[in-house]
Amino acid sequence: MMMASREGASKLVSSMMLVSRSFSTATARGIVAKEAVPAKAVGFNGDVVRRNIGEFWVRGSVFGLRHGSTASYSGKDQQQEEVKHSQPVAEGGDKAEEKNAIVSYWGVPPSRVTKEDGTEWKWNCFRPWETYSADLSINLTKHHAPVTFLDKMAYWTVKSLRWPTDLFFQRRYGCRAMMLETVAAVPGMVGGMLLHCKSLRRFEHSGGWIKALLEEAENERMHLMTFMEVANPRWYERALVITVQGVFFNAYFLGYLISPKFAHRMVGYLEEEAIHSYTEFLKELDKGNIKNVPAPAIAIDYWRLPPNSTLRDVVEVVRADEAHHRDVNHFASDIHYQGRELKEAPAPIGYH
């Protein structure tokens, strides 16, 4: 057995010498453990080192060292890996969990988040501190009357987009909501990105508007993730989303570069149309034309809804979100119309 161990170690050392020779920027040392290590993988970013029946062997491409950057894998790191992987593993679920775990040399620990009651938090796309209760008391009928040329241009641009949407989706409000959210999630991301770049160029703060706009984009995306649980888009609707997103992203990007006040005004009117669409959605639910199914679990956790909430409750909180986005974007446009910059007014961060 000792002879086999020595022969295996000699093979490994020879392999490491070849790697070190081929890639001088990587230090391949400390791979051979001084003590017995349980037969399980040690992640090495491409190479997997194992001890199997008294003999070390290397599986995978030796070029993994190059992909692992110029960092050295020292004896201390190896000892830490030995300690971590030599701990006993429980039977059943723990083994399955370990098998599915992602092994990484960089040691980024997986986050374990729990709810207030101590139960495990199952969502990775948002955290408990990002949840909130929607303000349903917001005025849904507020409207900005277009006066200037840019206002009228923004208003009629949105109105012109509503006609083909009504023709295509008709009364299928679930799929209509998904299409609407794939578009509504774009402006906040584009505006936040451009403000971010502007802040870097000018070495100045944004007044919190970068965060506010990205927060809006994330909120709209969560609307989409919610409606994906209750509607099943057809293949041509998915293709339409790809097309519309490609066109709208670039058009809005150019529009924001040319005139931020026009871009924000247009989003304000777009949110007004969203309020109208969700109001019609609620009418169809009340008439029984759309089944009022239980609310998806993701919606209950995100908006802190009661456990027995239904689809109608979800549509109500989404509509309230759209009303808040309406206010934020009309407010941003008003700031520009007054000849000021967004950073001069505190951003409405967390305005739900």
Side-chain angles (χ1 to χ4, degrees), residues 125-148 150-151 153-155 158 180-181 183-224 249 252-275 278 302-304 316-352:
C125 53
F126 65 101
R127 299 303 190 185
W129 51 87
E130 297 172 338
T131 64
Y132 62 96
S133 297
D135 178 17
L136 300 179
S137 64
I138 189 169
N139 188 344
L140 301 173
T141 61
K142 289 170 65 176
H143 167 67
H144 181 276
V147 178
T148 66
L150 283 181
D151 281 358
M153 183 177 176
Y155 178 79
V158 173
L180 177 65
E181 299 303 343
V183 173
V186 170
M189 182 61 65
V190 172
M193 176 185 66
L194 290 176
L195 286 180
H196 174 76
C197 294
K198 181 180 179 180
S199 175
L200 297 178
R201 290 194 309 271
R202 296 190 176 184
F203 306 96
E204 62 185 18
H205 293 286
S206 69
W209 279 93
I210 296 174
K211 186 174 182 178
L213 293 178
L214 294 181
E215 187 180 72
E216 175 187 313
E218 174 65 12
N219 182 250
E220 297 285 10
R221 191 183 66 84
M222 288 304 301
H223 294 174
L224 175 63
F249 179 92
Y252 189 80
F253 181 88
L254 292 175
Y256 202 99
L257 285 176
I258 297 171
S259 176
K261 60 185 174 184
F262 165 79
H264 282 294
R265 188 68 78 202
M266 189 182 77
V267 177
Y269 287 131
L270 184 65
E271 300 295 354
E272 290 183 16
E273 288 297 326
I275 294 170
Y278 285 119
Y302 185 68
W303 283 285
R304 302 178 187 174
E316 280 189 331
V317 295
V318 170
R319 183 178 63 172
D321 285 347
E322 305 296 5
H324 287 85
H325 300 328
R326 171 204 63 194
D327 294 350
V328 170
N329 281 277
H330 280 314
F331 173 53
S333 184
D334 289 344
I335 294 173
H336 284 293
Y337 264 106
Q338 295 172 25
R340 314 289 287 275
E341 293 191 17
L342 292 182
K343 66 177 183 177
E344 299 180 48
I349 298 174
Y351 179 63
H352 295 301

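Values below: every heavy atom of this structure, side chains too, minus hydrogens, waters and symmetry copies.
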**Asked** Going through the distances and angles, do Asn219 and Phe126 end up as a side chain to side chain contact (heavy atoms under 4.5 Å, CB included)?
**Response** CA-CA 10 Å; Asn219 182 250; Phe126 65 101; over 6 Å; no
**Item:** Check against side chain to side chain contact (heavy atoms under 4.5 Å, CB included), Met189 and Phe249
**Value:** CA-CA 10 Å; Met189 182 61 65; Phe249 179 92; 5.5 Å; no
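Residues passing the ring pair (Phe, Tyr, Trp, His ring centres under 6.0 Å) test with His325, sequence neighbours excluded: none. Under the ring pair (Phe, Tyr, Trp, His ring centres under 6.0 Å) criterion, Tyr351 pairs with His324, not counting sequence neighbours. The side-chain contact (heavy atoms from CB on, under 4.5 Å) check on Ala332 picks up Trp209, His264, Leu342, with sequence neighbours excluded. Lys261 is linked by a salt bridge (Lys or Arg N to Asp or Glu O under 4.0 Å) to nothing, counting only residues two or more places apart in sequence or in another chain.
In the model, Asp321 has no side-chain atom that pairs as donor or acceptor with a side-chain atom of Tyr278 under 3.5 Å.
Heavy atoms only, all atoms of each residue included: Ala217 and Ala185 are closest at CB-O, 3.5 Å. Shortest non-hydrogen contact noted between His336 and Pro260 is NE2-CB, 3.6 Å. The minimum heavy-atom distance linking His143 with Pro146 is given by the pair NE2-CD, 4.0 Å. Between Ala345 and Phe331 the shortest heavy-atom distance is CB-CZ, 4.1 Å. In plain terms, the two heavy atoms of Ala323 and Ile275 that are nearest each other are CA-CD1, 3.6 Å. Summarising the geometry of Gly192 relative to Leu214, their closest heavy-atom pair is CA-CD2, 4.1 Å, with the distance given to 0.1 Å.
Taking the centre of each ring, Tyr256 and Phe262 stay at or above the 6.0 Å mark.
Glu272 CD to His144 NE2: the interatomic distance, rounded to the nearest 0.5 Å, is 9.0 Å. Taking CZ of Arg340 as the start and CD1 of Ile335 as the end, the distance is 9.0 Å to the nearest 0.5 Å. Atoms CH2 and NE2, from Trp303 and His223 in turn, are 4.5 Å apart once rounded to the nearest 0.5 Å. Rounding to the nearest 0.5 Å gives a distance of 9.5 Å between CD of Glu316 and CG of Leu140. In this structure, Trp129 CH2 and Thr131 OG1 are separated by 10.0 Å, a value rounded to the nearest 0.5 Å. Considering CG of Asn329 and CG of Leu270, their distance stands at 9.0 Å, rounded to 0.5 Å.
Annotation: side chain of Asp151 is in contact with side chain of Tyr337 (closest heavy-atom distance under 4.5 Å). A heavy-atom distance below 4.5 Å is not found between the side chains of Arg319 and Leu136. No side-chain heavy atom of His330 sits less than 4.5 Å from a side-chain heavy atom of Lys142. Residues Phe253 and Val186 are not in side-chain contact: their nearest non-hydrogen atoms beyond the backbone lie 4.5 Å or more apart.
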Which pairs would a plain distance check flag for residues 194-204, meaning a side-chain donor or acceptor within less than 3.5 Å of a matching protein atom at least two apart in sequence or in another chain?
from	atom 1	to	atom 2	distance (Å)
Ser199	OG	Glu204	O	2.4
Arg202	NH1	Glu341	OE2	3.3
Glu204	OE1	Lys343	NZ	2.7

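The number of heavy-atom neighbours closer than 6.0 Å to CZ of Arg127, taken from other residues, nucleotides and ligands shown, is above 12.
The salt bridge (charged side-chain N to carboxylate O under 4.0 Å, His left out) contacts involving residues 207-220 comprise Glu218-Arg221, where partners must be two or more places apart or lie in separate chains.
Side-chain N or O atoms of Tyr155 include none that pairs as donor or acceptor with a backbone N or O of Val147 at under 3.5 Å.
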